[in-house]
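Proteins get letters first, then strands, A, B, ... in listed order; numbering begins at 1 in each.
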Amino acid sequence: MKLLDTLSKEEQEVDISKKVKIYLCGVTVYDESHIGHARTIIVFDVLRKYFESKGIGIEFIQNFTDVDDKIINRANKENKTAEEISSKYIENYFTDFDGLNVKRATNYPKATEHIEDIIKFIEKLIEKDIAYTTKNGVYFSVSKFPEYGKLSKKKIDDLQSGSRIEIDEEKKDPLDFAVWKLSDKEPTWESPWGKGRPGWHIECSAMSIKYLGENFDIHGGGRDLIFPHHENEIAQSESCTGIQFAKIWMHVGMVTIDGEKMSKSIGNVKSIKHVLENWGPNIIRLFCLSGHYSKPIDYSEELLKENLTKWRQVETCHYELIHANNETGEEINEFVTKIGMEFDTALNDDFNTHLALSAFFQLAKETNRLAAEEKLGLNNSKTIKEELKRMLEILGLKIPEITDNQKEEIDKLIIDREKARNGKQFEDADKIRDKLNEMNIELIDHKEKTIWMRKEMIRAEK
RNA sequence: GGUACUCUGGCAGAACGGUUAUGCGUGAGCCUGCAAAGCUUAUACAAGGGGGUUCGACUCCCUCGGGUACCUCCA
């Protein structure tokens, strides 16, 4: 698989000869997660599921930033401790992302649980004379890392002249950033430089290296993290270890609303909770994967609705396959193989989920075509089912299960309806159909038989 | 101001130096007791403007312009 690397601006082959090691910058836990977080994390969820479907081992680390001014501010405002705030929103995070059918990462390291590692890291930087102490804390000296700016393609001079960073007389250079902030306000930890807390960027350097080694495969996050966060991570890590940090930098585009980035100040943030309640996980995942990961995607009800239409086709396909019982069907192996290859080829080429989805929908469409023409049989439906299942798993989509009891009840009602229809008691037949509809069961009348499908309940549809 | 990304049909959105996918939408039809779902089929003078390279450009180069993001925290 090739991925476009933000740093080299070239496509780089992912080394799959051994475990693929991925570090994703997660969220700062001071508030509810929103659809923008969802997109980034869903992209990486599909990436890891794709690797795993190929039998490739992965090590997937996603951090929680649980020390940060925003957390502290919120804690003060609500008269709580920072820890109470962060643990509340970590819990909230898992509710949201379990709901989105995101597989749990190998590990979710927290900054507060890695203070030791962070301190050791800073000590190394000081030893190497790359960081220095002031009365406010420990700072990374940007001038000691000549390649500073290589990820975000910024020139140090430009940054200095256009700097909007508040002036701190203690710093040697306005661009220098804190790796340790001295402070008395809780939460604080003891350090060789005094009581305080780590800066933001240092945790990701320390934790990614701890769990994945000094040189690992993929480092990801939202595009907005390129500068300064990832730039600073590179500076810290590479000046500390002396070797290349991440092999590939993969950045996911923003979710916008009416063309604008979501932000608290504009007040256009869509929380996952809210979107999930209205649209469910499948539609959101389809939406998040509908464009190339590196590009922005605009959130709108219309697009969600479009994905709902597509999802209904997949549901239909799924139930047609379940109910397929013709003796023989049309030969389909070649088509399924071709579609499967298109799906994989798309993902292998810079993770083009949009093209992969096209293949996926084509498979559903072809299945529905066969069903419409009564050409879906036991043999070909099995082939399609296997491929569909593979794709559904990679994409993290799930058709809701139905219990055997419910199935029995449905079958019984369908038989009753058939009797009524045969006797031309259409009013009775329609009553039964309405009753099934209320159970979210939709009937599909074929020439020879009537089958049922269970539609996922989508609130926004009503 | 600097840097990055971006500008494709009503909408969404790919690939590719030489036939401009695909999906949604829309029209018509099939199926149906009627529906629904699904299918079939039709539908788009589509590439921000202007130059250039080329036998040929949406795809490469130049230039002008629009948009967004980042330059402070941000997925």
Side-chain angles (χ1 to χ4, degrees), chain A residues 6 9 24-28 30 33-44 62 65 68-70 73 149 151-155 157-166 175 177 200 220-229 231 251-256 259-264 287 290-292 294-298 300 302-303 305-310 312-313 315-317 319-320 342 346 349 352-359 361-362 364-374 420-422 424-427 429-430 433-434 437 442-447 450-453 455:
Chain A
T6 311
K9 292 173 95 173
L24 176 64
C25 285
V27 297
T28 301
Y30 74 104
S33 303
H34 55 67
I35 186 77
H37 300 118
R39 151 120 112 147
T40 302
I41 287 160
I42 286 168
V43 164
F44 275 81
Q62 184 185 322
T65 296
D68 178 86
D69 287 345
K70 282 191 204 144
N73 291 343
L151 181 72
S152 54
K153 321 291 175 212
K154 291 182 192 304
K155 293 193 189 84
D157 292 350
D158 293 340
L159 281 169
Q160 281 169 337
S161 58
S163 175
R164 282 191 274 153
I165 302 162
E166 57 187 276
L175 292 183
F177 54 90
W200 174 35
R223 283 205 92 83
D224 52 352
L225 294 184
I226 292 174
F227 191 92
H229 186 54
E231 192 71 61
H251 290 106
V252 180
M254 298 293 101
V255 176
T256 58
E260 274 182 308
K261 185 180 167 181
M262 283 192 293
S263 82
K264 291 251 163 69
F287 166 73
S290 65
H292 193 267
S294 65
K295 292 190 178 178
I297 189 170
D298 202 51
S300 71
E302 286 70 29
L303 282 181
K305 205 179 257 174
E306 181 175 328
N307 282 295
L308 172 58
T309 306
K310 294 175 181 179
R312 292 295 184 221
Q313 291 170 9
E315 283 183 321
T316 304
C317 161
Y319 285 99
E320 291 287 5
E342 277 178 28
D349 183 12
N352 193 329
T353 52
H354 183 269
L355 280 182
L357 284 179
S358 284
F361 291 128
Q362 268 181 60
K365 186 144 192 124
E366 179 67 5
T367 306
N368 292 340
R369 200 207 97 221
L370 291 172
E373 294 179 5
E374 310 287 345
R421 286 177 80 202
N422 289 336
K424 303 222 183 291
Q425 304 291 315
F426 294 126
E427 259 180 46
D430 288 351
R433 186 165 67 191
D434 290 344
N437 279 158
E442 188 160 301
L443 299 181
I444 303 174
D445 288 331
H446 280 89
K447 285 194 188 88
T450 294
I451 68 162
W452 56 266
M453 62 180 273
K455 288 165 71 177

J.: Closer to the 5' end of RNA chain B via nearest nucleotide, is it A:A371 or A:K424?
T.: A:K424
J.: How many whole angstroms separate atom CZ of A:R223 from atom C1' of B:U6?
T.: 10 Å
J.: Tell me what A:H292 touches on the nucleic acid: a base, only sugar-phosphate, or nothing, going by heavy atoms under 4.0 Å.
T.: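 Since only primed, P, OP1 and OP2 atoms lie under 4.0 Å of A:H292, the category is sugar-phosphate.
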J.: Spell out yes or no: do the side chain of A:D430 and the base of B:G33 have one donor N/O and one acceptor N/O closer than 3.5 Å?
T.: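 It does, because a donor-acceptor pair links the side chain of A:D430 to the base of B:G33 below 3.5 Å.
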J.: Need one value for A:G149: base, sugar-phosphate or nothing, where a base atom within 4.0 Å counts as base even if backbone is also close, heavy atoms only.
T.: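 Contact class for A:G149: none.
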J.: What integer distance in Å separates A:L303:CG from B:G13:P?
T.: 7 Å
J.: Determine whether any donor atom in the side chain of A:R433 lies under 3.5 Å from an acceptor atom in the base of B:A35, or the reverse, and answer yes or no.
T.: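 Pair found.
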J.: From NE2 of A:H251 over to P of B:A75, roughly how many Å is that when rounded to an integer?
T.: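 Rounded to the whole Å, the gap is 13 Å.
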J.: Answer with yes or no whether the side chains of A:D298 and A:T256 bring together a donor and an acceptor at under 3.5 Å.
T.: yes
J.: Classify the side chain of A:N437 and the base of B:A36 as holding, or not holding, a donor-acceptor pair under 3.5 Å.
T.: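 Result: no qualifying N/O pair found.
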J.: Students often get this wrong, so: under 4.0 angstrom with heavy atoms, is A:L24 touching a base, only sugar-phosphate, or nothing?
T.: nothing
J.: Measure from CG on A:D434 to C1' on B:A35 and round the result to the nearest Å.
T.: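 Interatomic distance, CG of A:D434 to C1' of B:A35: 10 Å.
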J.: How is A:G221 classified with respect to the nucleic acid when contacts are heavy atoms under 4.0 Å: base, sugar-phosphate, or nothing?
T.: sugar-phosphate
J.: OP1 or OP2 of B:C30 less than 4.0 angstrom from a side-chain nitrogen or oxygen of A:K447, does that happen here?
T.: no
J.: Output the single nucleotide from B:A35, B:C39, B:C70 whose closest atom is nearest the side chain of A:F227.
T.: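 Shortest atom-to-atom distance from the side chain points to B:C70.
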J.: So which nucleotide from B:A75, B:C39, B:A36 ends up closest to the side chain of A:N368?
T.: B:C39
J.: Between B:G13 and B:A44, how far is it from one C1' atom to the other, in whole Å?
T.: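 Rounded to whole Å, the distance is 15 Å.
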J.: Separation of A:K153 atom NZ from B:U3 atom C1', in whole Å?
T.: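 In whole Å, B:U3 C1' and A:K153 NZ are 11 Å from each other.
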J.: For B:G25 versus B:A12, give the span between their P atoms, rounded off to a whole number of Å.
T.: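 To the nearest whole Å, 15 Å.
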J.: Measure CH2/A:W452 against P/B:G38 and give the value in whole Å, please.
T.: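 Rounded to the whole Å, the gap is 17 Å.
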J.: Could you check which of B:A21, B:G38, B:A4 has an atom nearest any side-chain atom of A:R312?
T.: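 So the nucleotide nearest the side chain must be B:G38.
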J.: Counting any heavy atom closer than 4.0 Å, what does A:S152 reach on the DNA or RNA strands: base, sugar-phosphate only, or nothing?
T.: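 Sugar-phosphate, no base atom in range.
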J.: Can you identify which nucleotide, out of B:C71, B:A75, B:U22, has its nearest atom closest to the A:V255 side chain?
T.: B:A75
J.: Base, sugar-phosphate, or nothing: which does A:L225 touch, judged by heavy atoms less than 4.0 Å apart?
T.: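 Here A:L225 touches the backbone only, sparing every base.
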J.: Over all strands shown, is A:T28 touching base, sugar-phosphate only, or nothing at heavy-atom distances under 4.0 angstrom?
T.: sugar-phosphate
J.: C1' atom, B:C5 versus B:G48: distance in rounded Å?
T.: 16 Å
J.: Among B:C7, B:G38, B:C5, which nucleotide has an atom closest to any side-chain atom of A:K295?
T.: B:C7
J.: What integer distance in Å separates A:E260:CD from B:C70:P?
T.: 11 Å
J.: According to the Watson-Crick and G-U wobble definitions, with both distances under 3.5 Å, which nucleotide is paired to B:U40?
T.: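 Its partner is B:A28.
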J.: In whole Å, measure the gap between the C1' atoms of B:U54 and B:C64 for me.
T.: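 Looking at atom C1' only, B:U54 and B:C64 are 23 Å apart.
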J.: Under 3.5 Å for both donor-acceptor distances, Watson-Crick or wobble: does B:C73 have a partner, and if so which one?
T.: none
J.: For B:A37 and A:K455 - does any side-chain N or O of the residue sit under 4.0 Å from the phosphate oxygens OP1/OP2?
T.: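 No, no such contact exists.
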J.: Can you identify which nucleotide, out of B:U32, B:C39, B:A75, has its nearest atom closest to the A:M254 side chain?
T.: B:A75
J.: Protein-nucleotides 24-29 of chain B N/O pairs closer than 3.5 Å?
T.:
unit_1	atom_1	unit_2	atom_2	d
B:C24	OP1	A:Q313	NE2	2.9

J.: With a 4.0 Å cut-off on heavy atoms, is A:N352 in touch with a base, just the backbone sugar-phosphate, or nothing at all?
T.: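 Sugar-phosphate, backbone atoms only, no base.
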J.: Considering every strand shown, what is the Watson-Crick or G-U wobble mate of B:A4 when both distances are under 3.5 Å?
T.: B:U68
J.: Who does B:U22 pair with, Watson-Crick or G-U, both distances under 3.5 Å?
T.: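 B:U22 is paired with B:A12.
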J.: Nearest whole Å is fine: how far is B:G23 P from A:E366 CD?
T.: 12 Å
J.: Please name the nucleotide paired to B:U54 by Watson-Crick or G-U wobble geometry with both distances under 3.5 Å, or report none.
T.: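 Check on B:U54: unpaired, no WC or wobble geometry under 3.5 Å.
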J.: Select base, sugar-phosphate, or nothing to describe what A:D445 touches, counting heavy atoms under 4.0 Å on all strands.
T.: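 It contacts base atoms.
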